[in-house]
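Written below as structure tokens is the structure these notes are about.
Just so we're on the same page: letters track the sequence lines, and every chain starts at 1. Source: prediction; values computed, not measured.
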Amino acid sequence: MPTATFSTKVIPKMRNAAYYGIKTEKNPKRAKSGPWVDVSDDENKGRPNALKRKNSVANARVDQSWNGQNGHKRKKRRQSLVGSDIPQANDLPNGSGSSHSKTNHLNGAGPSTSYGNKAKAIQEHRKQLPIAKGRVALIDEIRKNDVTILLGETGSGKTTQVPQYILESGLAKNGMIAVTQPRKVAATSLAHRVAIEQNSSLGDLVGYSVRFDEKSSPETRIKYLTDGMIVRELMSDPLLSDYSVVIVDEAHERTLRTDLLIGNLKRIQKLRNSPPDAKGKANSDASHPLKIVIMSATLDAEKFSRFYHNAKILYVKGRQHPVKIYHSAESQLDYTDSAMRTFFQIHTDQPPGDVLIFLPGQEDIESLQKSIEWYAKQLPADKLSVITCTMFAAQEHSQNSKAFNPAPANTRKCILATNIAETSITIPGIKYVIDSGKCKEKQYLARISGGGFDTLLTRDITRSSAMQRAGRAGREGTGVCFRLYTESVFNSMPISGEPEILRCSLTSSILNLKCLGQDLSELDLMDKPDSESITSALKTLWLLGALDNEQKLTPAGRQMALFPLDPQYACAVVASKEYGCTSEILDIVSILSSSSKLFMDISEQREAVAEARRQFRHASGDHLTILNAFKTYRDIAASENKQARWDWCRKHFLNERTFLEAGNIREQLVLTCRRVGIDSAASAKENEDPVVRSMGHGLAGNSAFLQPDSTYKHTMGQTIVKIHPGSTLSDKKVPAIIYDDLMYTNQIYARGVSSIPKSFFMSLQAFKQRKA
DNA sequence: CGCACAGCT
């Protein structure tokens, strides 16, 4: 095998090396056998590797006829529905796709055709989807079984078609068909698409329901919802009696809410589907049985099947272009450096086509972008030039969407992205993927004393994730994926990640389940959190006054559960009633609950950022600083137009999206306040002390005090915490603090910090001791 | 002093 041209050994330092150092290696033959080991084979070209070798799914496809009569021995229950073999040029994105690709596809029907032709084309298209061939068998299985597991590859059309098949078959005469999605954009754009296919306007036959946005009516039969939304519906209708069929899509992602839903569906089905004589009362609660369809795109279908009493697994092939996968021949020490060399290898050796690089986080993305741009400038003028785009959640929307602009002529677009490009956003036109094999993952460490905290560490991805990343190169044509890790590393990766329910704080979930009269420890879940995590959450809820000494829900706890907030913040809202400062608390918690950060970090302009921030700064800390900023924004918003507001935000390095989202959240909270009898307009005016005290009730477990050696120590344990550098109180010394959360990266950092008066700190202590 | 994947009600 030729020398690994781009391995760290051969070109140890790129920083000062001329670009030509690489160019001399250009050799079309080497590109094939080079530092990469080609693990694709002709028979399975483009199929993710794990599907090929380890997984029986591929066997199901190869060995079984479409009606599954002569099934593979080991996988009798699995049944292949479809057998088409050649990937088609015309690929339909499935549920994991973004609105962008879906829109593109709709346009593909032809802008110049008349409406009738368009409708015909849409129906024709439906018939050509891979899943269409399995329609009869699929409906037959769903009719016969209470639970069906559908394993569908990307592009099979399962997410759009299955609900329509069920509707058209009359299987859901007595209720709606719910289709759950982990993401809002998916839910809304799928509903759009399916409404068109049903030749109905959105909100009539086909609707959706996501936070802040609902389009449905009494006529609605197919409803796309976010998983969070259906879990909320569960609280007011514990048997989900509006629905005849619940389809859980993207179940393999195992989000916290999907897991809670899957567990509850099992319970509901037991109640709704048992024969009237066996469980006399059960059927009086709901007049119709429930069908469950679990749709998963990856390998863990067996696990869903086991959970639902060995439910049948149906398999449907996808429609994805072949992706050739190369693994690194030797392990790479520095994945950013390695990614850069791989990029330029592609750039010199491979035909035109855009490149997508997966990296764990913002920092890596920004540094790699700089390097790539620096080297790209050294390119000879007659070469393809390079433009770079970055994509990560913390970045402004407008910046992220630049990746969708087609590259100018004679230019290769290089997109550097986090996991955001793995599932949430589909970028068209990607031909090459470079996969660092790394991602950042949040893991909650529950600790009974001293409070739990989140860790956010870079770690290896899973095989499912690697396959998903590779697949991003094959959405519009054949693609190539370069993995910056060896094949043996790939083979040692876990098949799928740890479900979220094992990795996050359980306070919210436990509180919500308590309202349903359920205990999380007793709920039948696919994966049960360990007892320490449960105990720690119960303790927090008890400290907040949501549970009593017998772990029973208190009236205050019931109120807290009604707020779409972290229980700590819900507690602060409830506490604010006594202090008469609910208006201020709503401002603060709605900003804290927004998905985007308020204060933007632009590393190059640190001084300017600090200067602009000074005018909102409050000596007491971050909570009142947020309040100041929100109040000032509202003053501006009252008198200025849209553009001026935006300019003002930009000038002060504030993210207007956060204000807008917080505004929506705040409206929702005002409604909840009305329901539970809290005057949301009550304001402490200029008096800020009650505001901090209300927050203190919610954050009672998150407090620390200054020690003689000027570190902060958690009040209930030995944990030493440091005020996060982003906080206004960073490097300040105050006797006692409360904080929003702890995050462990290099040290344990407290974020969202406020100073509290010593006397109040003492009374919080006394309060906690009384509790203990 | 030194920093933060993604997503949901």
Next on the checklist: Less than 3.5 Å apart, any donor N or O on the side chain of A:S727 or A:D622 sitting next to an acceptor on the other?
Outcome noted: yes
Checklist entry - Tell me: CG of A:D731 to P of B:dC1, nearest whole Å? => result 10 Å
Next on the checklist: At 4.0 Å (heavy atoms only), tell me whether A:F392 reaches a base, stays on the sugar-phosphate, or touches nothing.
Outcome noted: sugar-phosphate
Item to check | Selection from B:dT9, B:dA4, B:dG7 that lies nearest to any side-chain heavy atom of A:R211 | outcome: B:dT9
Checklist entry - Under 4.0 angstrom, heavy atoms only, what part of the nucleic acid is A:L456 near: base, sugar-phosphate, or nothing? => result base
Checklist entry - Touch check for A:F212, heavy atoms < 4.0 angstrom, all strands: base, sugar-phosphate only, or nothing? => result nothing
Checklist entry - How many Å lie between CD on A:Q395 and P on B:dA4, as a whole number? => result 17 Å
Item to check | Distance in angstrom units between A:I723 CD1 and B:dG2 P, rounded | outcome: 14 Å
Item to check | Integer-rounded Å distance: B:dC1 P and A:R751 CZ | outcome: 21 Å
Next on the checklist: Does A:N746 reach a base, just sugar-phosphate, or nothing at all? Heavy atoms under 4.0 Å.
Outcome noted: sugar-phosphate
Item to check | Nucleotide B:dC8, atom P - distance to CE of A:M235 in whole Å | outcome: 19 Å
Next on the checklist: Whether A:T458 contacts B:dC5 is assessed here as follows: a side-chain N or O lying under 4.0 Å from the phosphate OP1 or OP2. Is that the case?
Outcome noted: no
Checklist entry - Reckon A:V231 touches a base, only the sugar-phosphate, or nothing at all at heavy-atom distances under 4.0 Å? => result nothing
Next on the checklist: Taking the ring of A:F616 and the ring of A:H652, is the distance between their centroids below 6.0 Å?
Outcome noted: yes
Item to check | Those residues that, when tested against A:K597, pass side-chain contact (heavy atoms from CB on, under 4.5 Å) (two or more places apart) | outcome: A:D601
Checklist entry - At under 4.0 Å between heavy atoms, what does A:S730 touch on the DNA or RNA strands: base, sugar-phosphate, or nothing? => result base
Checklist entry - Taking the side chain of A:Q362 as heavy atoms from C-beta outward, which of B:dG7, B:dT9, B:dC5 is closest to it? => result B:dC5
Checklist entry - OP1, OP2 of B:dG7 versus side-chain N and O of A:S424: anything below 4.0 Å? => result yes
Next on the checklist: For B:dC3 and A:T745 - does any side-chain N or O of the residue sit under 4.0 Å from the phosphate oxygens OP1/OP2?
Outcome noted: no
Next on the checklist: Parallel, tilted or perpendicular, judged at 30° and 60°: which one describes the rings of A:F453 and A:Y744?
Outcome noted: tilted
Next on the checklist: Rounded to whole Å, please give me the gap between CE in A:M743 and P in B:dC1.
Outcome noted: 22 Å
Checklist entry - Centres of the A:F659 and A:F630 rings: under 6.0 Å? => result yes
Checklist entry - How many angstroms lie between OG1 in A:T342 and CG in A:L484, if you round to the nearest 0.5 Å? => result 5.0 Å
Checklist entry - With sugar-phosphate meaning primed atoms plus P, OP1 and OP2, does A:E363 contact a base, only sugar-phosphate, or nothing at under 4.0 Å between heavy atoms? => result nothing
Next on the checklist: Checking contacts here: which listed nucleotide (B:dG2, B:dC8, B:dA4) is nearest the side-chain heavy atoms of A:R183?
Outcome noted: B:dC8
Checklist outcome for this item: By nearest-nucleotide position on DNA chain B, the 5'-leaning member of A:G726 and A:L256 is A:G726
Checklist entry - For A:K184, which contact category applies under a 4.0 Å heavy-atom criterion: base, sugar-phosphate, or nothing? => result sugar-phosphate
Checklist outcome for this item: Separation of B:dC5 atom P from A:I365 atom CD1, nearest Å, is 8 Å
Checklist entry - Considering only side-chain heavy atoms of A:Y749, which listed nucleotide, B:dC5, B:dG2, B:dC8, is closest? => result B:dG2
Checklist entry - Can you tell which of B:dG2, B:dC8, B:dC5 lies closest to the side chain of A:R257? => result B:dC8
Item to check | A:Q668 CD - B:dC8 P separation (whole Å) | outcome: 13 Å
Next on the checklist: As a test of reading the structure: which of B:dC1, B:dC5, B:dT9 is closest to the side chain of A:K440, going by heavy atoms?
Outcome noted: B:dC5
